[in-house]
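On a predicted model such as this, the values are computed, not experimentally measured, just so you know.
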Amino acid sequence: MNMTGYFHHRDRVFALVVIVLATIFYSMIGGMDEPYSSGALAASTYPRLILACIIVLSCLLIIRPVSGEPRINSISMRGLAVILLVAGYVFVIESVGFFVLTPVFLFIVPLVVGYRHHVANAACAVLVTVALYVVFILVLNIPLPAGLLGD
Amino acid sequence: MLDNLLLGFSTIAHLPVMAAIFAGVLIGILCGILPGLSASTAVALMVPFTFGMDPVVAILLLVSVYMAGEYGGSITAIAIGTPGTPAAAATMLDGYELTKQGKPGLALTTSVVASSIGGMFGVIVLFAFSEPLARVALSFGAPEYFSLAVFGLTIIASLSSDNLLKGFLIMFLGLFLKTIGLDGFTGEERYTFGVDKLADGLSLIPALIGLFAMASVFYGVEEDLRKSERVSLSFAMPRLRKLFGMWKVYLHASVLGSIIGVLPGAGATITSFICYNEVRRFSPNKDQFGKGCLEGVAAPEAGNNAVVGGSLVPLLTLGIPGSATAAVLLGALMLHNIQPGPLLFQTNGEIVYGIFAGLFVACFAQLLFGLIGVPLWIKVISAPRPLLLSIIAVISVVGSYGYNNSIVDVWVMFGFGLLGYLLRKLDFPVTPIILALVLGGILEENFRRALIVSRGDYVIFVKQPISAILLVMAALSLTSPYIMNKLSRSGTEK
């Protein structure tokens, strides 16, 4: 399948993935069935109803004729890079800590996106970290992960 | 009624509350101006900042952000021809035209006056209709609430997408995600995969921050960020007579906007276009629209601010949000242990009437800031987007962490951010999943409660008259995309 073909059929690909997942979830919930209640009142009835609707609608999405020009929304490298950066940030924030990691993150993301005013970027990274510290820790008393600087 | 009004104003007549309203309006205008930050994203981003606040202060801050955010988008639309919020796209048609003719001051002044009048009208509608509606809703039982949630979800799923199938599929996905966690009736775990923190379900606020803010960062960085707008504008004000000569336009758009706001599903964006087209249809200057006509600026702006008050009617009286932003507000209310619904008017009257009074003040603050601040606000447009997006990412992470001091919530936020990004890539609407996450709990709880009452007999949902009517309306709402499309497009295509 070439790329245009993929974009033409991506609704179907999506629907297929959803059907597979929904079927797995549907069968999973059978195991915990009815120790406390049964029939329409069981804990599994409502999720099963929802999953059945999801499967039916996904099937409809697959058999629906594809019409019109496919719109191409490809995922760019920049998008992917930022997604990975955020994932990394979340992954290590508890061990490294908010105050060490955040200025670094704030500096790198604009860099990756193509921002070239390094002084403004660095100043912004430091100022925003300090501002968030003041607002969350000093004013609102909401703890943030301390990490390396922690007790 | 007068007592309630007094109660409302006495609730907000404290320094912290007034400060919150003015700060909310400022933040709302700024967020509205920045392209890519819609009013709903702004409200979602602000929720973490209210974690430790007094509920009244917190809620008034958020509703002020909502109100002013809807206005702020018009500044960017008029100044550079890029709508700051999706709802300002209709304002751009004539607003940017006026700027090109060297008359941005006229458009900007009209927009703030119209927005504030529209906003106030919405608040009046909210004040007039919510109490009677709440009184009716007091008699609602489980079947009625179930059918109401069904109606809300159907109309949202059918309105938010040009493709019914996709809208409904996404809605059901949201409903499914909402079933994760301990079952409220039997205490059984559903799809928690042994993660203790998931027993309470996916946290709503982090999920909303993910869908709105994080997702907007992911697709925001893909746009061309190098071009920065330099704007310099002249600020000639329109004559007062001209400004107030348009009272019919304000009224027309405000009425339409607040009615559409009350109906669940249609948010500010569709309202702006409907108001633009409807006002144009009845205007004597029909052919001036699109060529830089002040009425074309006034109509969508009055309309999209009137939506704010309107959308709070079902939110406060029934606990059913009328728009995506109202859904975020619902999450914020529950976070502060305020359960919206008919009982709220009796148990927390000061909050309800405080919101009414606070929104009124917010409209004045918006008018004030809008009139004196425009030259300043314009500068915000040229703020570097890469810096902004990285700041939004950090606030999303920190805000989700602060919700419960748990990294699990941050991953929930991240997951929903990714989901929102992918859905956009696949041309799926995001609003149905948001409303499903918010309404899913109400839906299941009342579904099962009704079935317990009826001993498993599904007929109970059609035996109660109000419930039956709501279900019929839900079925009818499947045709609403055609009606709304016709309304919002008629006239645009000649």
Measure the [atom1]-[atom2] distance between [X] and [Y] for me, rounded to the nearest 0.5 Å.
{"X": "B:M171", "Y": "A:L57", "atom1": "CE", "atom2": "CG", "value": "8.0 Å"}
{"X": "B:K178", "Y": "A:Y46", "atom1": "NZ", "atom2": "OH", "value": "9.5 Å"}
{"X": "A:L49", "Y": "B:F176", "atom1": "CG", "atom2": "CZ", "value": "13.0 Å"}
{"X": "A:E94", "Y": "B:N405", "atom1": "CD", "atom2": "CG", "value": "9.5 Å"}
{"X": "A:I142", "Y": "B:Y401", "atom1": "CD1", "atom2": "OH", "value": "12.0 Å"}
{"X": "B:L165", "Y": "A:L60", "atom1": "CG", "atom2": "CG", "value": "5.5 Å"}

Per-pair distances, 0.1 Å, donor-acceptor, side chain in residues 114-131 of chain A, under 3.5 Å, sequence neighbours excluded:
residue : atom : partner : partner atom : Å
A:R116  : NH1  : A:L111  : O            : 3.4
A:N121  : ND2  : A:F107  : O            : 3.1
A:T129  : OG1  : A:A125  : O            : 2.7

How far apart are the closest heavy atoms of B:E222 and A:R78, and which atoms are they?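 That closest heavy-atom pairing would be O-NH2, 3.2 Å.
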
Which one, [options], leads in non-hydrogen pairs under 4.5 Å with chain A?
{"options": "B:P48, B:G417, B:G52", "result": "B:P48"}
{"options": "B:T50, B:D457, B:I407", "result": "B:I407"}
{"options": "B:P384, B:S400, B:G399, B:A393", "result": "B:P384"}
{"options": "B:V394, B:V410, B:L443", "result": "B:V394"}

With under 30° as parallel and over 60° as perpendicular, where do the rings of B:Y191 and A:F25 fit, or are they tilted in between? perpendicular

Counting heavy-atom pairs under 4.5 Å with chain B, the top scorer among A:V135, A:L51, A:T102 is A:L51

Of A:V109, A:I54, A:V18, the largest count of non-hydrogen pairs under 4.5 angstrom with chain B goes to A:I54

Under 4.5 Å from any heavy atom of chain B, what part of A:A22 do you find: side chain, backbone, both or neither? neither

Under 4.5 Å heavy-atom distance to chain B, tell me which part of A:L132 shows up: side chain, backbone, both or neither. side chain

Side chain, backbone, both or neither of [X] within contact of chain A (heavy atoms, under 4.5 Å):
{"X": "B:L423", "value": "side chain"}
{"X": "B:M214", "value": "side chain"}
{"X": "B:Y219", "value": "neither"}
{"X": "B:F414", "value": "side chain"}
{"X": "B:S390", "value": "both"}
{"X": "B:L418", "value": "side chain"}

Under 4.5 Å between any side-chain heavy atoms of [X] and [Y], yes or no?
{"X": "A:V139", "Y": "B:F49", "result": "no"}
{"X": "B:V397", "Y": "A:F98", "result": "no"}
{"X": "B:F168", "Y": "A:C53", "result": "no"}

Crowded around B:F51 CZ? As in, over 12 foreign heavy atoms under 6.0 Å? yes

Side chain to side chain contact (heavy atoms under 4.5 Å, CB included) evaluation trace for A:I83 with B:Y421: CA-CA 10 Å; A:I83 290 173; B:Y421 171 76; 3.7 Å; yes

